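Have a look at the structure below before the remarks.
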Amino acid sequence: MRREPSEPLYVISVAAKLVEMHPQTLRMYERLGLVRPARTQNNIRLFSDVDIERCRQIQRLTSVGLNLAGVEMVLDLLERMEAMRRELEAEMAGRAKEMEREVQRLRREAAARR
């Protein structure tokens, strides 16, 4: 059975081991809004594979010298770029459908004239 990458699975101790960070670092990232793990009814943090990858991305950015404010800006820009990419793809798909409909219409007209 395949699971979604956004499915919350890992408690903070497991997540910390997966990304080789101290749990307190993950708590700080959450406080700063850099990562948003899900919470259970008992308020236990559950990290998804998406959260784990985001923590790794934060690690990479800080390892090249960015401070956490810079990391926040980069992550925000990346999210905005991804949203624009999805929007562009949707627009292109819509235009492709329009073009296909127009091609079909022109073919019908040409066939009717023969």
Side-chain angles (χ1 to χ4, degrees):
M1 187 168 121
R2 189 154 165 82
R3 62 181 166 80
E4 290 296 314
S6 59
E7 182 182 349
L9 295 173
Y10 312 108
V11 294
I12 195 165
S13 59
V14 174
K17 285 180 184 176
L18 287 171
V19 294
E20 299 176 348
M21 288 182 189
H22 195 280
Q24 196 61 36
T25 304
L26 295 178
R27 289 184 190 99
M28 178 182 63
Y29 288 174
E30 182 184 17
R31 266 195 315 278
L32 295 173
L34 296 174
V35 67
R36 295 173 199 89
R39 296 284 185 138
T40 66
Q41 289 180 345
N42 295 331
N43 213 27
I44 295 171
R45 292 172 184 87
L46 288 179
F47 291 79
S48 67
D49 289 328
V50 171
D51 296 324
I52 297 299
E53 184 51 39
R54 188 169 174 96
C55 290
R56 289 183 178 135
Q57 195 171 30
I58 294 167
Q59 275 181 320
R60 286 190 296 274
L61 292 169
T62 56
S63 72
V64 296
L66 280 178
N67 62 21
L68 292 178
V71 167
E72 183 177 21
M73 290 174 66
V74 168
L75 293 176
D76 180 58
L77 287 171
L78 289 171
E79 286 174 2
R80 290 169 50 194
M81 286 173 52
E82 179 60 24
M84 288 188 289
R85 184 193 63 74
R86 285 191 306 268
E87 187 178 312
L88 178 62
E89 283 181 354
E91 179 68 22
M92 288 173 55
R95 296 284 171 108
K97 285 180 183 177
E98 277 181 40
M99 287 174 54
E100 183 58 35
R101 283 193 299 267
E102 185 64 13
V103 166
Q104 294 299 326
R105 185 187 68 77
L106 291 171
R107 284 184 179 151
R108 283 191 303 273
E109 284 181 13
R113 278 186 249 152
R114 289 186 198 145

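Computed from a predicted structure; not experimentally measured. No hydrogens, no waters, no symmetry mates; every other heavy atom, side chains included, goes into these values.
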Glu7 (side chain) donor-acceptor with Ser48 (main chain) under 3.5 angstrom: no
Residues that Ser13 engages under side-chain contact (heavy atoms from CB on, under 4.5 Å), provided they are two or more places apart: Val11
Residues forming a side-chain contact (heavy atoms from CB on, under 4.5 Å) with Arg39, sequence neighbours excluded: Glu30, Asn43, Arg45
ILVMFWY cluster, Val14 and Leu46 together (side-chain gap under 4.5 Å): yes
Residue pairs passing the salt bridge (Lys or Arg N to Asp or Glu O under 4.0 Å) test where at least one lies in residues 60-70, sequence neighbours excluded: Glu53-Arg60
Phe47 and Ile12, any side-chain heavy atoms less than 4.5 Å apart: yes
Test log, rule side chain to side chain donor-acceptor pair (under 3.5 Å), inputs Asp49 and Tyr10: CA-CA 8 Å; Asp49 289 328; Tyr10 312 108; 2.8 Å; yes
Counterpart residues, side-chain contact (heavy atoms from CB on, under 4.5 Å), relative to Glu100 (two or more places apart): Gln104
Greater than 12 external heavy atoms within 6.0 Å of Met28's CE: yes
Qualifying residues under salt bridge (Lys or Arg N to Asp or Glu O under 4.0 Å), relative to Glu102, sequence neighbours excluded: Arg105
Transitive ILVMFWY cluster of Met81, excluding itself - 4.5 Å side-chain cut-off: Met84
Qualifying residues under salt bridge (Lys or Arg N to Asp or Glu O under 4.0 Å), relative to Glu79, sequence neighbours excluded: Arg54
Residues in side-chain contact (heavy atoms from CB on, under 4.5 Å) contact with Gln41, at least two apart in sequence or another chain: none
Hydrophobic cluster identity match, Val19 and Val50, side-chain contacts under 4.5 Å: no
For Glu91, side chain to side chain donor-acceptor pair (under 3.5 Å) partners two or more places apart: Arg95
Side-chain heavy atoms of Leu75 within contact of Leu61, under 4.5 Å: yes
Glu20 atom CD, over 12 foreign heavy atoms within 6.0 Å: no
Residue pairs passing the side-chain hydrogen bond (donor to acceptor under 3.5 Å, both in side chains) test where at least one lies in residues 62-72, sequence neighbours excluded: none
Separation of Leu66 CG from Ile58 CD1 (nearest 0.5 Å): 11.5 Å
Which atom of Asp51 lies closest to which atom of Arg36, heavy atoms considered: OD1-O, 3.9 Å
Counterpart residues, salt bridge (Lys or Arg N to Asp or Glu O under 4.0 Å), relative to Arg86 (two or more places apart): Glu82
Residues that Glu89 engages under salt bridge (Lys or Arg N to Asp or Glu O under 4.0 Å), provided they are two or more places apart: Arg85
Heavy-atom side-chain contact between Val35 and Leu26 under 4.5 Å: no
Distance, nearest 0.5 Å, that separates CD1 of Ile44 from CG of Asn42: 5.5 Å
